[in-house]
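First comes the structure, then the notes that go with it.
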Amino acid sequence: MAMAPQLLLLGLFINLLIFTDTQAQQIGVCNGRLGKNLPSEEETVNFYQRNGITRMRIYDPNPVTLRALQRTNIELILDVPNIELESLTNPSNARTWVQNHIQNYPEVKFRYIAVGNEVDPNSDNTVNRQYVTFVLPAMQNVHRAIVDAGLDKQIKVSTATYAGLLENAYPPSEGVFYKNVTNTFIGPIITFLAQNNLPMLANIYPYFACQRSADVNLQYSLFTSGPLVPDKDLMYSNLFDAMYDAHYAAQARLGGENVEIVVSESGWPSYGHRVATPENARTYYRNLIAHVKQRNGTPARPRRFIEVYLFAMFDENLKTGDVVERNFGLFYPDQRSKYQLGF
């Protein structure tokens, strides 16, 4: 029997709504709070909602932010700060952490828990290196606490890594982790993620590759008219896809070919370096959003959804380090937009 025209139109309309909602859900924004002139936590959550941003990452379990997120449509990546990792190698402490920061907020839409951020055995920072042995046991204990609380179907446990662990990322199919981090750090983490059907969180920044090497083409980094870069029978038109696929290739060598990668940070600063300009930042963010919304995936992983969290919501004037670190905001602290982006 043929479907009535009204029913057919209704079905198409519903499918369009589902498509649009899924598309919108791919983009989140990181909510860094290292600024003395930022809107309050409650104002920030309202600002996300007014701008149609339905995914957020926060870097510590700030109770004011968590309370403000209750009964909203915003899904959350919640970080375990690196300084708390050692404590969570104790299973009892991990259960308490989950109770205090997850279970006590049943009306918050937790999506991922990032157990540590950019911990690196090869870091020049000795403080960063001291956390290396704590990441995996903390992940295991937090995951067990989530399972015991009956929340593992909705909340996935991971850690946030970055390109600094890759010894080689070019061409993407030859992506490989440094040997000294493979067996003692990232390899066991990937095994744990694969065994438990958990994602990897990865911070991917074409900006830093472009900043550090004059050989990296700026237009290739900005998704504009750069060169097509060959990799066997594939062609890459932008650096973001190349870095993303290099992470996948490196994981696959360690048994993580099916471990999904969520891009937990990606951004471009507006000041502090010759390529850190408002024009370049606007181009990068607009093109990254458009690229993700096209839902074409990457050359090595076509027709895949890519979940991306833009860094960051506001400029943060209390961040230390290079001046660019204080200029990644999509908005000024007074909530004026830098780039007029559509999320």
Side-chain angles (χ1 to χ4, degrees), residues 26-30 32 118 161-175 202-232 234-250 261 263-294 296-302 306 308-316 319 321-332 337-343:
Q26 290 174 259
I27 303 294
V29 180
C30 301
E118 295 190 354
T161 186
Y162 76 128
L165 297 187
L166 295 177
E167 182 176 22
N168 184 59
Y170 175 80
S173 62
E174 298 300 319
N203 301 337
I204 295 179
Y205 283 94
Y207 165 75
F208 286 114
C210 191
Q211 176 209 49
R212 290 165 185 159
S213 175
D215 294 332
V216 178
N217 184 280
L218 176 61
Q219 304 309 315
Y220 182 63
S221 303
L222 296 175
F223 297 87
T224 54
S225 56
L228 288 176
V229 178
D231 182 4
K232 299 179 180 177
L234 302 177
M235 298 294 288
Y236 282 84
S237 62
N238 67 81
L239 184 54
F240 176 87
D241 282 354
M243 295 176 71
Y244 186 80
D245 282 349
H247 270 276
Y248 265 115
I261 293 177
V263 181
S264 44
E265 287 182 12
S266 190
W268 198 285
S270 59
Y271 178 77
H273 185 268
R274 62 176 178 82
V275 298
T277 67
E279 293 76 17
N280 288 343
R282 180 183 297 110
T283 298
Y284 181 76
Y285 286 116
R286 285 184 173 178
N287 287 341
L288 175 58
I289 291 170
H291 180 63
V292 170
K293 285 186 174 182
Q294 287 170 1
N296 290 330
T298 66
R301 302 179 71 82
I306 305 176
V308 175
Y309 291 76
L310 307 180
F311 188 87
M313 194 64 166
F314 301 111
D315 286 340
E316 298 174 81
K319 292 197 76 172
D322 194 274
V323 65
V324 299
E325 297 290 342
R326 297 183 282 281
N327 291 278
F328 271 96
L330 305 178
F331 298 87
Y332 297 104
S337 176
K338 284 188 185 180
Y339 310 121
Q340 290 72 51
L341 303 176
F343 300 97

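This one's a predicted model, so the numbers in the text were calculated from it and none came from an experiment.
- For Tyr162 (side chain) and Ala202 (main-chain N/O), no donor-acceptor pair under 3.5 Å exists by modelled atom type.
- Judged by distance alone, with hydrogens and angles left aside, the side-chain atoms of Asn238 form no donor-acceptor pair with the main-chain N or O of Tyr220 at under 3.5 Å.
- Judged purely by atom type and a 3.5 angstrom limit, Arg286 has no side-chain atom pairing as donor or acceptor with the backbone of Ala281.
- In this structure, Lys232 and Glu174 have side chains that are in contact, with non-hydrogen atoms separated by less than 4.5 Å.
- The two residues Val323 and Gly272 have their closest heavy-atom pair at CG1-CA, 3.4 Å.
- Nearest heavy atoms, Cys30 versus Ser264: SG-O, 3.4 Å.
- Proximity of a side-chain donor or acceptor of Ser221 to a complementary backbone N or O of Asn217 within less than 3.5 Å is detected.
- Remark: His273 NE2 to Asn327 CG distance equals 13.5 Å, nearest 0.5 Å.
- The only member of Ile204, Val308, Leu239 that meets side-chain contact (heavy atoms from CB on, under 4.5 Å) when paired with Tyr244 is Ile204.
- The two atoms that bring Pro269 and Val324 nearest to each other are CB-O, 3.7 Å, heavy atoms only.
- Judged by distance alone, with hydrogens and angles left aside, the side-chain atoms of Tyr236 form no donor-acceptor pair with the main-chain N or O of Thr298 at under 3.5 Å.
- Side-chain atoms of Pro172 and Pro299, non-hydrogen and from C-beta on, never get closer than 4.5 Å to each other.
- Glu316 meets the side chain to side chain donor-acceptor pair (under 3.5 Å) test with no other residue; sequence neighbours excluded.
- Checking side-chain atoms of Asn280 against main-chain N and O of Val275 turns up a donor-acceptor pair under 3.5 Å.
- Atom OG in Ser266 sits 7.5 Å away from atom CG in Leu310 (nearest 0.5 Å).
- At least one side-chain heavy atom of Tyr332 sits under 4.5 Å from a side-chain heavy atom of Asp315.
- Among all heavy-atom pairs drawn from Leu166 and Ala250, the shortest one is CD2-CB, 3.5 Å.
- Between Trp268 and Leu288, every side-chain heavy-atom pair lies at or beyond the 4.5 Å cut-off.
- Taking Tyr205 as the reference, Phe208, Phe328 meet the ring pair (Phe, Tyr, Trp, His ring centres under 6.0 Å) condition, with sequence neighbours excluded.
- Ion pairing between Asp241 and Arg301 fails under the 4.0 Å rule for side-chain N and carboxylate O.
- Rounding to the nearest 0.5 angstrom, the gap separating the CD atom in Gln294 from the CD atom in Gln26 is 10.5 Å.
- Atom CZ of residue Arg282 and atom CD of residue Gln340 lie 6.5 Å apart, to the nearest 0.5 angstrom.
- Although no hydrogens or angles enter the test, the distance criterion places a donor-acceptor pair under 3.5 Å between the side chain of Asn287 and the main chain of Leu222.
- A cation-pi arrangement is absent between Lys338 and Phe331, since the terminal nitrogen or guanidinium carbon is not both under 6.0 Å from the aromatic centre and inside a 45° cone about the axis.
- Remark: Phe223 engages Tyr284, His291 in a ring pair (Phe, Tyr, Trp, His ring centres under 6.0 Å) (not counting sequence neighbours).
- Donor-acceptor pairing under 3.5 Å is lacking for the side chains of Asn203 and Tyr309.
- Side chain of Tyr339 to main chain of Tyr285: no donor-acceptor pair is present (N/O by atom type, distance under 3.5 Å, no hydrogens or angles).
- Contact annotation: the side chain of Tyr170 approaches that of Val229 to within less than 4.5 Å [non-hydrogen atoms, C-beta and beyond].
- One distance of note links CZ of Phe343 with NZ of Lys293; it measures 9.0 Å at 0.5 Å rounding.
- Under a 3.5 Å cut-off, the side chain of Ser213 and the backbone N or O of Ala209 do not form any donor-acceptor pair.
- In terms of heavy atoms, Tyr248 sits closest to Ile261 at OH-N, 2.8 Å.
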